[in-house]
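Worksheet: one structure, shown below.
All figures in this text were calculated on a predicted structure; none of them were measured in a lab.
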Amino acid sequence: MLNKINYLETETERYPLVFTLNVMEAIQEKYGTIEAWSSLIQREGEPDIKALKFFMTEAINEGIEIESEKTGEKRKPISSKQVGRILTEIGISSTANKIMTTIADSVDDCEEKNSKCPQKE
């Protein structure tokens with residue numbers, strides 16, 4: 001699994017979005033399993049907004065932290081309320097597509113560069 005950074009763009013901001021082991025751990029702590037969380041955001045009808053905002057907050061803040069480590073620029077983490085505003089601006093459908101792309105990119109990179117993947121038992 002690699003730190004593949006995708007971006008969410010609003011009219012005025014660009015937010016890094018990553019799916020790392022840190023994000024996975026946060027999901028497991030809150031929802032028990034990644035599968036349980038995934039079923040909430042992919043359910044028929046409408047996604048669980050709280051689960052969606054939780055992921056986005058964790059994934060964006062992880063991206064901000066990674067970029068800060070690389071560039072030395074200190075950007076403040078964002079809150080769940082700010083994420084709600086971002087999701088309102090870009091739309092839930094667009095957000096869901098970006099989430100799936102980000103997760104797939106992280107997993108695809110891992111499979112392509114097998115030496116950097118976590119060991120399977």
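In this structure, CH2 in Trp37 is found 10.0 Å from CE in Met24, a value given to the nearest 0.5 Å. Rounding to the nearest 0.5 angstrom, the gap separating the OG1 atom in Thr71 from the CD1 atom in Ile66 is 11.5 Å.
Nearest heavy-atom pair across Ala59 and Val18 is CB-O, 3.2 Å. Between Ser80 and Thr57 the shortest heavy-atom distance is CA-OG1, 3.6 Å. Contact between Asn61 and Ile78 at its shortest, heavy atoms only, is OD1-N, 2.7 Å. Of all heavy-atom pairs spanning Ile90 and Glu9, the tightest one is CG2-O, 3.5 Å. Taking all atoms of both residues into account, the shortest heavy-atom contact from Asp48 to Arg43 is CA-NH2, 3.7 Å. What you find for Glu58 and Ala26 is that their closest heavy atoms are OE1-CB, 3.5 Å.
Judged by distance alone, the side chain of Ser38 and the main-chain N or O of Ile34 form no donor-acceptor pair under 3.5 Å.
Counting only heavy atoms from C-beta outward, the side chains of Ile64 and Pro16 approach each other to under 4.5 Å.
A salt bridge links Glu13 to Arg75: one of the charged nitrogens lies within less than 4.0 Å of a carboxylate oxygen.
Below 30°, between 30° and 60°, or above 60°: for Tyr31 and Phe54 the angle between ring planes is above 60°, a perpendicular geometry.
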